[in-house]
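Here is the structure we will look at.
These numbers were taken from a predicted model, which means no experiment stands behind them.
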Amino acid sequence: ECVWIQIEKNRGEFDFSKCDAIYNWAKQNGVLFKFRTLVWGSQYPGWIRNLNVEETREAITAWFDAVAEHYPDLEMIDVVTEAGRASENQYHSAFGVNNHFIEALGGDNDGDYKFVTTAFKMARERWPKAILIYNDYNTFQWQRDVGINLINTIKKNGAPVDGYGLQGHDLVSTGSGPTNCLNINIIKKYLQEIIDSTQIPLFITEYDIGTTNDDIQKKCYSEQIPLFMEEKYIAGVTLWGYIYGKTWIYCSEKDLGCSGIIKDG
């Protein structure tokens, strides 16, 4: 409810009401609130596609300013999501596809991720005390090098990045066999590689186990969550959807939202 497309559907008209409902509940109940997300190559307003580079820069700046005015005391922010460069000019989300996000924020000269660095600097100017996080997917099991390179590159460029969010969608085994938990020793190996390479606090974000087998799901949670909680470099775990049938993972046409953990009450 806090992504750009939800809040500024028409340019210059900001409606924070749905995000407010979550923010206010968190404040009233002593729960940490993380704002998600400021810059993402997905889930942005359609009118952005009609803007040139300068107009896009103005729109991004106005968006940051509006969020900062409405939520000046944010504690934790996903600043940029899914900007990993899987191959030349191919990003994990649609940066540069029908939009000028990259050029508007300074470009990406041979993979220097200047546009990501710029976004973090803009966020720090507005929220000097917030925890600023970069968030991406497939960077745990399959494309660790992409995420590690991005984090180290923007750190070298002076980006004030405080945490690295690893989307926990790829913590099950892959292949033609039945769904099962990713081997815990493999997870430990991958995790240590990421920690040793980035030296930055990690967040397991969007964590879910998509399966119709409750026993397998329970097994994965029981093995993996204690590992995350015991590792000093991991600063938090976020479950990604919890009501069965209402999450984004589909196991089959009959089993929509199969990663939920609350089923039939």
Side-chain angles (χ1 to χ4, degrees), residues 34-42 60 64 74-96 101-102 104-171 182 186-207 224 227-229 231-238 240:
K34 180 174 73 169
F35 186 88
R36 171 188 159 81
T37 181
L38 290 171
V39 182
W40 186 14
S42 182
I60 293 172
F64 273 59
L74 290 178
E75 299 168 274
M76 188 176 288
I77 306 169
D78 280 346
V79 178
V80 179
T81 293
E82 298 172 3
R85 200 171 187 238
S87 60
E88 186 174 357
N89 297 323
Q90 295 290 321
Y91 301 87
H92 279 174
S93 61
F95 281 97
F101 287 155
I102 294 174
L105 292 172
D108 183 21
N109 309 300
D110 293 324
D112 70 354
Y113 292 114
K114 185 175 180 181
F115 70 103
V116 178
T117 300
T118 300
F120 273 90
K121 289 181 177 180
M122 290 173 63
R124 178 62 81 221
E125 290 173 359
R126 291 159 177 81
W127 296 277
K129 296 181 180 180
I131 295 170
L132 305 181
I133 301 170
Y134 174 76
N135 184 45
D136 213 333
Y137 69 89
N138 280 5
T139 48
F140 202 112
Q141 184 176 166
W142 296 304
Q143 295 182 347
R144 291 182 303 288
D145 57 333
V146 171
I148 289 169
N149 175 62
L150 185 149
I151 292 295
N152 288 337
T153 299
I154 65 173
K155 284 172 63 179
K156 181 181 177 182
N157 291 344
V161 57
D162 301 312
Y164 176 20
L166 300 159
Q167 295 182 23
H169 301 309
D170 56 347
L171 294 173
L182 188 62
I186 291 177
I187 293 180
K188 289 179 181 178
K189 176 184 175 182
Y190 291 165
L191 190 59
Q192 197 61 52
E193 179 184 339
I194 296 167
I195 291 168
D196 291 344
S197 300
T198 62
Q199 294 292 306
I200 191 172
L202 307 179
F203 293 85
I204 307 301
T205 64
E206 309 185 27
Y207 177 52
Q224 296 172 5
L227 171 63
F228 299 147
M229 294 180 73
E231 172 53 61
K232 66 178 182 179
Y233 262 90
I234 293 183
V237 180
T238 308
W240 195 239

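More than 12 heavy atoms of other residues, nucleotides or ligands lie within 6.0 Å of NZ in K155, so this atom counts as buried by the packing criterion.
Counting heavy atoms from C-beta on, the side chains of V79 and T37 never come closer than 4.5 Å. Considering only heavy atoms from C-beta on, Y190 stays 4.5 Å or farther from D170 through its side chain. Looking at L182 and Q141, their side chains come closer than 4.5 Å, going by heavy atoms from C-beta outward. V237 has its side chain out of reach of F203: every pair of non-hydrogen atoms, C-beta onward, lies at least 4.5 Å apart. The shortest distance between side-chain heavy atoms of L105 and I60 falls below 4.5 Å. Q224 places none of its side-chain heavy atoms less than 4.5 Å from the side chain of I204. Between L166 and D136, every side-chain heavy-atom pair lies at or beyond the 4.5 Å cut-off.
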Where do V80 and W40 land on the side chain to side chain contact (heavy atoms under 4.5 Å, CB included) test, with the steps shown first? CA-CA 6 Å; V80 179; W40 186 14; over 6 Å; no

Worked check of side chain to side chain contact (heavy atoms under 4.5 Å, CB included) between L191 and L202: CA-CA 10 Å; L191 190 59; L202 307 179; 3.9 Å; yes

Please report the C-alpha distance between V161 and I133 in whole Å, then the side-chain angles of each, then the deciding distance to 0.1 Å, and finally whether the side chain to side chain contact (heavy atoms under 4.5 Å, CB included) criterion is met. CA-CA 6 Å; V161 57; I133 301 170; over 6 Å; no

Derivation and outcome, side chain to side chain contact (heavy atoms under 4.5 Å, CB included), residues Y134 and T139: CA-CA 12 Å; Y134 174 76; T139 48; over 6 Å; no

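With hydrogens and angles left out, the side-chain atoms of S93 and S42 include no donor and acceptor closer than 3.5 Å. Inspection of the Y207 and Q167 side chains reveals no N or O donor paired with an N or O acceptor under 3.5 Å.
The main-chain N or O of T238 is never found under 3.5 Å from a side-chain atom of T205 such that the two would form a donor-acceptor pair. In this structure a side-chain-to-backbone donor-acceptor pair under 3.5 Å is present from R124 to A130. The backbone N or O of T117 sits nowhere less than 3.5 Å from a side-chain atom of N157 that would complete a donor-acceptor pair. Proximity of a side-chain donor or acceptor of N138 to a complementary backbone N or O of Q143 within less than 3.5 Å is not detected. Distance alone, capped at 3.5 Å, places no donor-acceptor pair between the H169 side chain and the Y137 backbone. Judged by distance alone, the side chain of D162 and the main-chain N or O of L132 form a donor-acceptor pair under 3.5 Å.
Of the inter-residue distances, the one linking E206 atom CD with N135 atom CG reads 5.0 Å to the nearest 0.5 angstrom. Atoms OH and OG1, on Y113 and T153 in that order, are 7.0 Å from each other to the nearest 0.5 Å. Distance CD1/I194 to OH/Y233: 13.0 Å, rounded to 0.5 Å. I131 CD1 to M76 CE: the interatomic distance, rounded to the nearest 0.5 Å, is 4.0 Å. Expressed to the nearest 0.5 Å, how far CZ of R126 lies from CD1 of I77 amounts to 10.5 Å. The CG atom of N149 sits 12.0 Å away from the OG1 atom of T198 when rounded to the nearest 0.5 Å.
Annotation: salt bridge (charged side-chain N to carboxylate O under 4.0 Å, His left out) contacts of E82 (sequence neighbours excluded): none. A search for side chain to side chain donor-acceptor pair (under 3.5 Å) contacts involving D112 returns N109, not counting sequence neighbours. In this structure F140 satisfies the ring pair (Phe, Tyr, Trp, His ring centres under 6.0 Å) test with no other residue, sequence neighbours excluded. The side chain to side chain donor-acceptor pair (under 3.5 Å) test applied to E193 returns R144, not counting sequence neighbours. Shown here are the ring pair (Phe, Tyr, Trp, His ring centres under 6.0 Å) partners of F64, two or more places apart in sequence or in another chain: there are none. Scanning for ring pair (Phe, Tyr, Trp, His ring centres under 6.0 Å) contacts around Y91 gives F115, with sequence neighbours left out.
Counting all heavy atoms, side chain and backbone alike, G96 lies closest to I102 at N-CD1, 4.2 Å.
The only option from N152, V146, L150 that meets the side-chain contact (heavy atoms from CB on, under 4.5 Å) definition with I148 turns out to be N152.
Ion pairing of D108 with R85 is present here, as a side-chain N (NZ or NE/NH1/NH2) and a carboxylate O approach within less than 4.0 Å.
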